[in-house]
Amino acid sequence: MVLGGGLVYPELNFTLPTMFVNGSTMPDVAAQYREMITGALKRASELEVPGLVVEFETLPPMTENPDWGMEIAQILLDELHEASVKHGLKSVFRMTPNDTREMVRPPVMRSGELWDNMIELFDRSAAAGAELLSIESVGGKEVNDEALQSCDIGQVIFALSVMGVRDMRFLWTHIAEIAERNHVHAAGDTACGFANTAMVLAEQKLIPRVFAAVVRSVSAVRSLVAYECGAVGPGKDCGYENVILKAITGFPMAMEGKTAACAHLSPVGNVAAAACDTWSNESVQNVKLLGGMAPTCYMEQLAYDVRLFNEANADGPEAAAMLKKWLVRSDIGLDPQALILAPASAVKIAESIVSAPNHYRAAVAAGMTALNLITDAYNDGSLKVAPREVCWLDTIKEALEELPEDESTFIASMMDAVNTTTFRPQDYDLT
Amino acid sequence: MVLGGGLVYPELNFTLPTMFVNGSTMPDVAAQYREMITGALKRASELEVPGLVVEFETLPPMTENPDWGMEIAQILLDELHEASVKHGLKSVFRMTPNDTREMVRPPVMRSGELWDNMIELFDRSAAAGAELLSIESVGGKEVNDEALQSCDIGQVIFALSVMGVRDMRFLWTHIAEIAERNHVHAAGDTACGFANTAMVLAEQKLIPRVFAAVVRSVSAVRSLVAYECGAVGPGKDCGYENVILKAITGFPMAMEGKTAACAHLSPVGNVAAAACDTWSNESVQNVKLLGGMAPTCYMEQLAYDVRLFNEANADGPEAAAMLKKWLVRSDIGLDPQALILAPASAVKIAESIVSAPNHYRAAVAAGMTALNLITDAYNDGSLKVAPREVCWLDTIKEALEELPEDESTFIASMMDAVNTTTFRPQDYDLT
Amino acid sequence: MELTQLTEAIKTGNRKAAGLLTQEAIDAGVEPKAILNSLIEGMDDIGARFQKNEVFVPEMLIAARAMKESMVILEPLLVAAGIRPEFTALIGTVQGDLHDIGKNLVAMMWKGANFNVIDLGTNVPPERFVAAAREHNPQIIGLSALLTTTMPSMKSTIDELKAAGLSNAKIVIGGAPITQAFANQIGADAFAPDAASAVEVARKLVGSQSTAVLA
Amino acid sequence: MELTQLTEAIKTGNRKAAGLLTQEAIDAGVEPKAILNSLIEGMDDIGARFQKNEVFVPEMLIAARAMKESMVILEPLLVAAGIRPEFTALIGTVQGDLHDIGKNLVAMMWKGANFNVIDLGTNVPPERFVAAAREHNPQIIGLSALLTTTMPSMKSTIDELKAAGLSNAKIVIGGAPITQAFANQIGADAFAPDAASAVEVARKLVGSQSTAVLA
Ligand SMILES: [Zn+2]
Ligand SMILES: [Zn+2]
Ligand SMILES: [Zn+2]
C-alpha cells in the first residue's frame, strides 16, 4: 500500500459510545473496539476497498495508562492482520495517542508522568507495528482558547507560531526519533484544538467565519513543524490545513470533509477532498444505526467516496482535475475557509509561508494572504460574506498590520498581553 | 422548485429512536420530530441548499391513527413554512403513510378499518399541503417473502407482476384520485419490501446477489403501475428500480445510495446516483452523533453530495455524463445489481418491459434481460460473480425459460404452488 | 444397508431420494435412531457450509424439505421409541411489528438444529407469548423487531413473561435495530446479530453440548 | 446627567468611556441602582443581538469588559447599599475532560445575565463540585463534557451532589455529545444545547422573572 501514490484510500476512525474507561470497564472497552473493527473490516472486504488506513486515536485514560492503550492497539492490529490473511485486505495502522499533557493546569509539556506515559505509548505501539504515528498536540492552546473568544489574531499568532511551533519542535523531535528507531513513519499533526475549534465556533455563529479562515491559514505554520522535524505524512485527517502543507512538502495527506459530519459539521465538505491521499470520517461513536453499527456505515460511505475519486483519477490527470474543480467550486463561493483551502489558494498561502524569514513572520504572512484572498473574492462577488462579518475584514487586517516586524519585539509585547498564568513559559523557552 | 428540471435536490427522511408511539408518548414523539426537522432545516439553510424534499414516512400507529399522523405532518409542514419565510429555504413535503394493511394476516387489502385510516391519512395530508404522495405498498409480499427465501423466481414474478400489479392498480387509482382532488402530486411507490429485502438478504450472504439483481429488474414492472395510474414522480427514494422507471416514463426520480448507509448497506452506493433527481438518505434515527443529531449530520452529507452533482451538471451535458460514468463504473464491476442499475442496463430492461404484451410477460422479460446482462458481463470478465453464485445463473435462467407463455396458465400453476392461505385471493381478483 | 446415501440425499436436498431411502432403511430393520442420525449428519453438513457462506438459504431450505420428507416416515417410529427433540423454542415478531423474514430464518435455523419450533407469527402481543409459553414450556423464546418503535414491545413482553413466572425460558432477541446493549438493558438473556448466529446463541443458552444436533 | 451615554458605552464595549461615565454619574449623585440598571440595559442590548446572531462572542466580551470597568467603581457602593447578584452559579468541566471553551462561554453568558459565577475549571472531580457547592450555595450548577467517555462523570457528580444533600441547586449539563435524553437519564434538571441558550435555561431553572437581568 503506497500512500500518496495516486490511489486514494479510506481512513476510518471510531470511538466509544457513552461509557467510562477504567480498570473495571476495560473488558467492555476491548469488546467495543473489537466489535467496531470486525464490523468495519468485514464491510471493507465486502466492498473490496483497495486498502484501508485505520486510525486509533486514544482516549485520555489510554494514554495515561499505556497498558490499556496497547491492549486496544493490539486488538486492532490483530484484526487487521487477520483481515489481511483471510480476505487479502491491505491496511495501515495509524496510532494517535491523545495529548494528555494538559491534564494538569498549567500543563507540564516536557517532562513528568503524563509526558513519560505518552512517549511510552508512542514507543510501544510503534514497536508493535503501528506504521503511522500522529498526535493532536496541544502546545499553545493555553493562550489560543482565549484568543479565539476575543478574536485576537495577534494572540492567535503567538499561540500558534511561537508557543505551538516551539512545543511541536520539542515533541516531534521525540516522535521522529521513536519512528526511526522502530522503522515506522512519523506521519503528522493537526491544528485540531486551534483551527478546528475556530471553525466549529464559526459554524455555531459564535465567531466570524472570516476569522476562523485566517486562523486556519496561520495554523499551517504550526502544523508544518512536524515535517520540519522528520514527519513524512500522511498528515492527520482533521488537519484541514494539510492542503497547504501538501503544497509545501509534497507529502501525502489525510483529509476529511462531508463524511466526517458524524464528528463535526463543516463548511468545507467537498473542497477538502480535492487534495486528499486518504479520506476520513474523523471519528464516529459505536452507536447503532438501522444500517448497522455506525463505524460500519461510515466505512461504507468512505468506500464509495473513495471509489469515485479513484475512478476520476483512473481517467488521467485532466479527468482528475475536472472532479477536483467541481469539488472545489461547490464550496468556495459560500465560505471563506472553503475558499482559502482550495488548492489554488493553498499554493499562494504556502508561498507566503516559505518566503518568510521565520515562523512568526510566516504566520503573519499566511494570515495576510488568506485575508487578501477572502477580501478580493468578496470584492469581486465570487464569495459571499455575511453582512455582520464584513467589518471583520478590516479589523483583522489592521490587527495584522500593527504586528511588529521583529519576533522578539512581538514576543515581548505578547508576554505582556496574554494571561501568562495559564502556561509555563519555561516549557516554551520563554523565560 | 422544479423536480426533474436538471438541478438535483437533497431528500431527507428521519425516524424516531427507540420509543413507543401511543397516546401517552405522542407529546414526546412530537418533540422528537420537531427537534429533527428544526436541526435539519437549520443546517440546510446554512449550507444554502437549492431546495429540499422532506419525506415523512409514518410509523404504523400513525397510519392507524390519522390524527397522530396529521399532528406530526403538521409540525413538519409548519417548520418547512417557517424556514421558507425566515431563510428563503425552498422545500417540498412528501407524505408516505406506512402501508398498514398487513397488520392482520392474511391482509385485507381493499377495505376495512386499516384501509380506511390509511386513505384518510393520504387525504388529510394532501389537503394540508403534502405536495407529494407516496407509499411502500405491500400487496404480494405475502408470497414474495417465501419466494425470496427459496429463491423461486417464478413465485417472485407471481408476487410482483400478478399480485403486486393488481394491488397497486387498485391502491394507486385511489391515491391518484386523492392527489387530483387536492391539487397535489401522486409521486410514486417502491419495491422496498420486495427488491430491497432481496438486496439486504444478499448483502448478508443469505441469498445470491445474482438472484437479488433479477428480483430488482422484475420489481420494476410492479412499481411502474403507479405511473400507469397517474403518478408523476419523483418515485420514492428506496425504489432502486426507479432508474428503469425513469427510462420508461421520463418522470423525475428520488434515489438513494451511499448516504443511505445509515438505513441499510448496499452494493450500489454510487451507481444509484447516476439517475437521481433527488438524493436521499432513506431514513436515519434521531440519535446523537458527535457532530449533532444524526438527521442534521445526514442533511449535511446530502447537501454536499448534491452540490457535487449540480456542479458537474452546471458544466453541461458532457461534464454531467463524465461524473455519471465514474459513479457507474465505480460499482458495476463488483456487483450484479449495480450492473443492472446502470443507466445503460436500465434502458435495455425498460425496452424489454415496454415491448411485452402484459405485466406478466414484462416481468419475465425484465428478469431475462437482467440475467443476460449479468451473464454476458461475467463471461467477458467485466463483472465479478462469486464462485458459489455462478451456478445460480443457469438455475435462474432455466426457471425463467420454463415459465409458460400464457398468463392464465401461469396464474393457475402458481395458485397450486404457493401458499394460498397467506393472502386473500379475492383481494387480487384471483378467485 | 448404507446410510451414507441417505445423508447425501439430505445434503443435496433430494426429497424423493430421501423418502425412498428412509423407507428402505426402515424396511431393512435399521434402528430409527441411526436413521435419524444420518439425517442429522446431512443437515449438519449443509448447516456448516451455510455458516461458512458456501451455500445460501434456499439450499438450506431444500435440505430441510428433504429431511421433512424423511421425518414424515420416520417420526411415528421415533415417537414409539420415545425419541423426541430435546428443546422447544417459541418465536415471534413483537406487537406492532409486521416483519417476517428475519424471524422466519431464525425459525428455520432452529428447526435445523433439532429444536421443536413454535412460530407465533408477527405482531404478537405479550399475552400471546405468555399463553404460548405456558402451553409449550419452551427452553428458548425468540423475539424479533425491525422498528425502533416496536423495540419497547420487547421489554413489555419480557416483563410480562417474568411477571407470569415464566423466567426459566431463556429469551433471545434480534432484528436490525437491536444491540447487545439493548438486550442487557431490557433483561433479555441474549442477542443474536443474525440468523446464522441464532443457532449458536440458542445452543449456548440451553447449555446443549452438541455442536450440531440437527434433526 | 444622562445615563444613556453609559448604556451606549457598554453596548459598544468602550471600556474607557464606561469607567469615566460611571464615575461621573456617581459624582453627580445618581443612585447606584440606577447606574447598575443602565449597565444592565447595555448588556441586555448586546445580549439580545448576540442571541439573534447579529454580533459575535468578542463583541459580547468587550461589552462585558466595559461593564467590568464600571463595576470596579460601582461595586463598593452596591455592596454598601446591599445590592448583589440574586443568583450564584457553579460551573466546571467534569473529571477526565479537558475541554474549556464551551464551559467558558456559558460562564461568560451567565455572568452577563447577572449570575455570580464560580468557575471550577476543567477536569473537576465530583468531590470538588460538592465542596464548592457547600461553600457557595449556588442555585445553579453547570456540568460540561465533550467526550463520550467523560459523560458518565456527569452522573457520578450528580449522584455525589445528591448524596451530599445538595439537591436544592438545579443542575444543567451541556457539551457536544449531550442530549436531553441523557440529561433525563442521569437526573440532571436541564440540558443546554449551546452557550446562547444556557442563559434561558438557567433563568427558567431559578424561576427568574426578568427576561434580561444583566449585570
Ligand atoms: Zn481532530
Ligand atoms: Zn423503503
Ligand atoms: Zn424510505
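On a predicted model such as this, the values are computed, not experimentally measured, just so you know. In what follows, every chain begins at residue 1, and chains take the letters A, B, ... in the order their sequences are listed.
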Is it the backbone or the side chain of [X] that comes under 4.5 Å from a heavy atom of chain A, or both, or neither?
{"X": "B:Val328", "answer": "neither"}
{"X": "B:Asp305", "answer": "both"}
{"X": "B:Lys384", "answer": "side chain"}
{"X": "B:Ser266", "answer": "both"}

Region of [X] in contact with chain B, defined by heavy-atom distances below 4.5 Å:
{"X": "A:Ala319", "answer": "both"}
{"X": "A:Asp331", "answer": "both"}
{"X": "A:Lys288", "answer": "backbone"}

Value rounded to 0.5 Å, distance of [atom1] in [X] from [atom2] in [Y]:
{"X": "B:Leu89", "Y": "B:Glu82", "atom1": "CG", "atom2": "CD", "value": "11.5 Å"}
{"X": "B:Leu59", "Y": "B:Leu16", "atom1": "CG", "atom2": "CG", "value": "5.5 Å"}
{"X": "B:Phe211", "Y": "B:Leu206", "atom1": "CZ", "atom2": "CG", "value": "13.0 Å"}
{"X": "B:Cys192", "Y": "B:Met199", "atom1": "SG", "atom2": "CE", "value": "8.5 Å"}

Leading residue by heavy atom contact count with chain B [cutoff under 4.5 Å; candidates A:Ala260, A:Ala312, A:Ala314]:
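Looking at each of A:Ala260, A:Ala312, A:Ala314 in turn, A:Ala312 comes out on top.
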Out of A:Leu308, A:Leu289, A:Leu265, return the one with the most heavy atom pairs under 4.5 angstrom to chain B.
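Among A:Leu308, A:Leu289, A:Leu265, the one with the most close pairs to chain B is A:Leu265.
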Salt bridge A:Arg94-A:Glu57, side-chain N to carboxylate O under 4.0 Å
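Salt bridge absent between A:Arg94 and A:Glu57.
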Is it true that B:Arg43 and A:Glu203 make a salt bridge, defined as a side-chain N closer than 4.0 Å to a carboxylate O?
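Yes, this pair counts.
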Heavy-atom donor-acceptor pair, [X] side chain to [Y] backbone, under 3.5 Å:
{"X": "B:Glu389", "Y": "B:Arg209", "value": "yes"}
{"X": "A:Asn286", "Y": "A:Glu35", "value": "no"}
{"X": "B:Asn310", "Y": "B:Arg307", "value": "no"}
{"X": "A:Asp237", "Y": "A:Ala254", "value": "no"}

Ring centre gap for B:Tyr33 and B:Phe56 strictly below 6.0 Å:
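Between B:Phe56 and B:Tyr33, which both carry aromatic rings, the centre distance is below 6.0 Å.
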Salt bridge (charged side-chain N to carboxylate O under 4.0 Å, His left out) between A:Glu55 and A:Lys236, worked out
CA-CA 9 Å; A:Glu55 180 188 25; A:Lys236 205 180 128 38; 2.7 Å; yes
Hey, which residues of [range] are touching chain A, say heavy atoms under 4.5 Å apart?
{"range": "residues 294-304 of chain B", "result": "B:Thr296, B:Cys297, B:Tyr298, B:Glu300, B:Gln301, B:Tyr304"}
{"range": "residues 334-345 of chain B", "result": "B:Leu334"}
{"range": "residues 271-281 of chain B", "result": "none"}

Is the A:Trp326 ring parallel, tilted or perpendicular to the B:Trp326 ring (thresholds 30°, 60°)?
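Tilted: the ring planes of A:Trp326 and B:Trp326 meet at 30° to 60°.
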How far apart are the C-alpha atoms of B:Asn196 and B:Arg216, what are their side-chain angles, what is the distance that settles it, and do they pass the side chain to side chain donor-acceptor pair (under 3.5 Å) test?
CA-CA 8 Å; B:Asn196 290 3; B:Arg216 173 71 62 195; 2.6 Å; yes
Most chain A-contacting option - heavy-atom pairs closer than 4.5 Å, from B:Val284, B:Leu323, B:Val287
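That would be B:Leu323.
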Does A:Lys90 have any salt bridge (Lys or Arg N to Asp or Glu O under 4.0 Å) partners at least two apart in sequence or in another chain, and if so, which?
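If we apply the salt bridge (Lys or Arg N to Asp or Glu O under 4.0 Å) test to A:Lys90, skipping adjacent residues, there are no hits.
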So B:Glu256 and B:His264, side chain to side chain donor-acceptor pair (under 3.5 Å) or not? Walk me through it.
CA-CA 10 Å; B:Glu256 64 186 42; B:His264 62 86; 3.0 Å; yes
Would you say A:Met322 and A:Asp315 make side-chain contact, with heavy atoms under 4.5 Å?
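No - every pair of side-chain heavy atoms lies 4.5 Å or more apart.
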Salt bridge (charged side-chain N to carboxylate O under 4.0 Å, His left out) assessment of B:Lys325 paired with A:Glu311:
CA-CA 9 Å; B:Lys325 180 182 74 177; A:Glu311 286 300 336; over 6 Å; no
